[in-house]
Amino acid sequence: MKVLLIGSGGREHAMAWKLAQSPKITKLLIAPGNAGTAEVGTNVNIGVDDHAGIIEFANKENVDLVVVAPDQPIVDGLCDQLRSAGITTFGPSAAAARIEGSKIWADDLMTKYSIPTAQSVAFSDSGLAMEYGRSKPAGSLVVKADGLAAGKGVILPETNDDLDTAIIGMLDHAAFGESSSSILLAERMTGPEASVFAFVDGEHVSAEIATCDYKRIGEGDVGLNTGGMGAYGPPEFWNAELAARVRSEILEPIAKALVAENSSFSGVIYAGLMITEFGPKIVEFNCRFGDPETQILMPMLESDLLDICHAVAENRLSEEGVVWSTEPHTFVVAVSGGYPGSYPTGFEISGIENASEHGVVFHAGTKTDENGALLTSGGRVLGVSSSGDTIKDARTSAYAGIENISFEGMQYRRDIAERAVQD
Ligand code: AMP
Ligand code: GLY
């Protein structure tokens, strides 16, 4: 099969790495890809927002399957457009992707179908929002932009003044453009967080897998939010009972709810959960694989990703076994100095070969120059994904790998998976 994968991050390198292992693949194309995807397939210079270009290319190349990985093109309807052009596609419709594209729509859906989540109220008027805010104890609400905001659309204010600032920033000063023209004020929940993934095709939900990601730049979860600094799995607090609850209270009901709302889901659902004292509750749904979670999910997936994506695209996921390894995995990301603020790029990266002895190196913001040298080209540059008999072993290997890599200004968190290690 000839497959076209859409995207250019670390998630896409991990998916390309896994797709390339399928005995059924004849050609793997990645648009636009990065220096890592170029090692397992052929990069095509088409941007993820160039929907017409992607469709024209897929037709011209007689691609058998397109796999759309990032949120923005999915929410913008790329999967619908590909299917309308007669191209077999893995990824949800824009209607189903509203579970990620509109937090207000997702919240209404969860309320209607009794899927556990934070109690939330929607606002588009800042005065009314601030009035509601003052009726609640300081620090008890979170502010969420309705639409996509590159992972930065949630603010957790500690004081009423900070809450007002966040509300005014989003509603009156368009902090996230159109995406923050409406907001949710949500009850602030507490508890450990997990990212749970399952392939979904209509009402059919595959076996699920749980991981944890790290969003903040600083060790001990301080500082600004990033695209993600690392991940590990399975979580130390995960068990069969919790998994069964998440399936029966969250994953199966959301799949059924989407079918009932004429927005049947086809792709992978990402349930961002908080395990509260009242049980697992949804923080957010996403309509795609997570980054950096995918950099451990692909090594944990024992089944053939190509077979699964093809089955989902043809609405026959129920015939496909999806098997996840329970072996511990850790992924550590190296980022450019200055990230998530502004940062310089174009620095040469060394040590990949030695790092590869300790795990799989997945690229994100990398490129090769005309002489074949590997250079940094983004905030999150690359990471090392390792497994082990214990989470401690997996963690030791991932760090042994990352310590071999160097580029000017390189930074990484030293506490990924630390809390999961029991001495
Ligand atoms: P999101 O972009 O929705 O994943 O939110 C980013 C982060 O904000 C989450 O990973 C949580 O740590 C936090 N967060 C979001 N919503 C809530 C909530 N209702 N209560 C507590 N923390 C939240
Ligand atoms: N890991 C967070 C995300 O992919 O949205």
Side-chain angles (χ1 to χ4, degrees), residues 7 9-12 14-15 69-72 74-75 97 99-107 110-111 115-122 133 136-137 139-158 163 166 170 175-176 179-180 183-197 209-217 221-233 235 267-278 280-298 331 333 340 362 364 380 383 416:
R11 164 182 55 205
E12 287 77 10
M15 291 172 76
D71 47 5
Q72 192 74 55
I74 293 174
V75 168
I99 59 164
E100 173 165 8
S102 169
K103 289 192 194 290
I104 295 175
W105 191 83
D107 185 62
M110 286 186 267
T111 305
I115 296 169
T117 187
Q119 209 228 319
S120 306
V121 186
K136 303 280 176 191
S140 67
L141 292 176
V142 311
V143 188
K144 299 188 165 200
D146 178 45
L148 294 184
K152 302 190 175 83
V154 176
I155 298 178
L156 308 166
E158 298 299 341
L163 175 65
M170 287 205 198
F176 302 104
S179 286
S180 65
I183 59 167
L184 275 181
L185 294 185
E187 155 212 3
R188 184 160 175 173
M189 304 183 288
T190 51
E193 286 186 64
S195 309
V196 178
F197 299 86
I209 176 88
T211 62
C212 291
D213 73 340
Y214 288 80
K215 293 189 171 72
R216 304 292 188 105
I217 185 72
D221 288 327
V222 297
L224 294 172
N225 260 336
T226 70
M229 298 295 291
Y232 70 91
V268 63
I269 282 190
Y270 166 159
L273 299 179
M274 203 165 265
I275 315 305
T276 73
E277 59 177 313
F278 308 107
K281 290 192 181 187
I282 284 290
V283 174
E284 62 169 359
F285 278 117
N286 293 318
C287 62
R288 43 138 188 117
F289 275 122
D291 190 333
E293 294 94 329
T294 305
Q295 290 88 313
I296 60 166
L297 290 172
M298 293 300 106
F331 179 63
V333 181
F362 288 124
R380 287 189 294 169
I416 306 299

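Just the heavy atoms: all of them, side chains too, but no hydrogens, waters or symmetry mates, feed the values below. Numbers here are sequence positions counted from 1. When a ligand or atom number is given, it counts from 1 through the structure's own listing order. The model shown is predicted, which means the values in this text are computed figures rather than measured ones.
- Here is the list of ligand 2 atoms found below 4.0 Å of a heavy atom in D213: 1 (N), 2 (C).
- Looking only at side-chain heavy atoms (C-beta outward), V154 and N225 stay at 4.5 Å or farther from each other.
- Side-chain atoms of K152 and K215, non-hydrogen and from C-beta on, never get closer than 4.5 Å to each other.
- Contact annotation: the side chain of R11 approaches that of P70 to within less than 4.5 Å [non-hydrogen atoms, C-beta and beyond].
- Of all the atoms in ligand 2, the ones that sit under 4.0 Å from a non-hydrogen atom of G290 are 4 (O).
- Considering backbone and side-chain N/O of D291, one or more are found under 3.5 Å from N/O of ligand 2.
- With sequence neighbours excluded, no residue forms a salt bridge (charged side-chain N to carboxylate O under 4.0 Å, His left out) with D146.
- Assignment of Y270 to the shell around ligand 2 is supported, since a heavy atom sits closer than 4.0 Å.
- In this structure the side chain of I155 never reaches within 4.5 angstrom of the side chain of V142, judged on heavy atoms.
- For the pair D291 and R380, the salt-bridge criterion is met [side-chain N within less than 4.0 Å of a carboxylate O].
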Give one line per pair: atom of ligand 1, protein atom, distance. Only N/O to N/O under 3.5 Å.
| from | atom 1 | to | atom 2 | distance (Å) |
| --- | --- | --- | --- | --- |
| ligand 1 | 3 (O) | K103 | NZ | 3.4 |
| ligand 1 | 3 (O) | E284 | OE1 | 3.0 |
| ligand 1 | 4 (O) | E284 | OE1 | 3.4 |
| ligand 1 | 4 (O) | E284 | OE2 | 2.6 |
| ligand 1 | 10 (O) | E193 | OE1 | 2.6 |
| ligand 1 | 10 (O) | K215 | NZ | 3.2 |
| ligand 1 | 12 (O) | E193 | OE1 | 3.3 |
| ligand 1 | 12 (O) | E193 | OE2 | 2.5 |
| ligand 1 | 16 (N) | K144 | NZ | 3.1 |
| ligand 1 | 19 (N) | E187 | O | 2.9 |
| ligand 1 | 20 (N) | M189 | N | 2.8 |

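- Taking atom 5 (O) of ligand 2 as the reference point, the nearest protein heavy-atom neighbour is R288 NH2, 2.9 Å.
- Side-chain contact between M229 and R216: absent, with no pair of heavy atoms (C-beta onward) separated by less than 4.5 Å.
- The part of E293 lying near ligand 2 is the side chain, judged by heavy-atom distances below 4.0 Å.
- With contacts defined as side-chain heavy-atom distances shorter than 4.5 Å, the pair I416/F331 does not qualify.
- Side-chain contact, E293 with T211: no donor N or O sits under 3.5 Å from an acceptor N or O.
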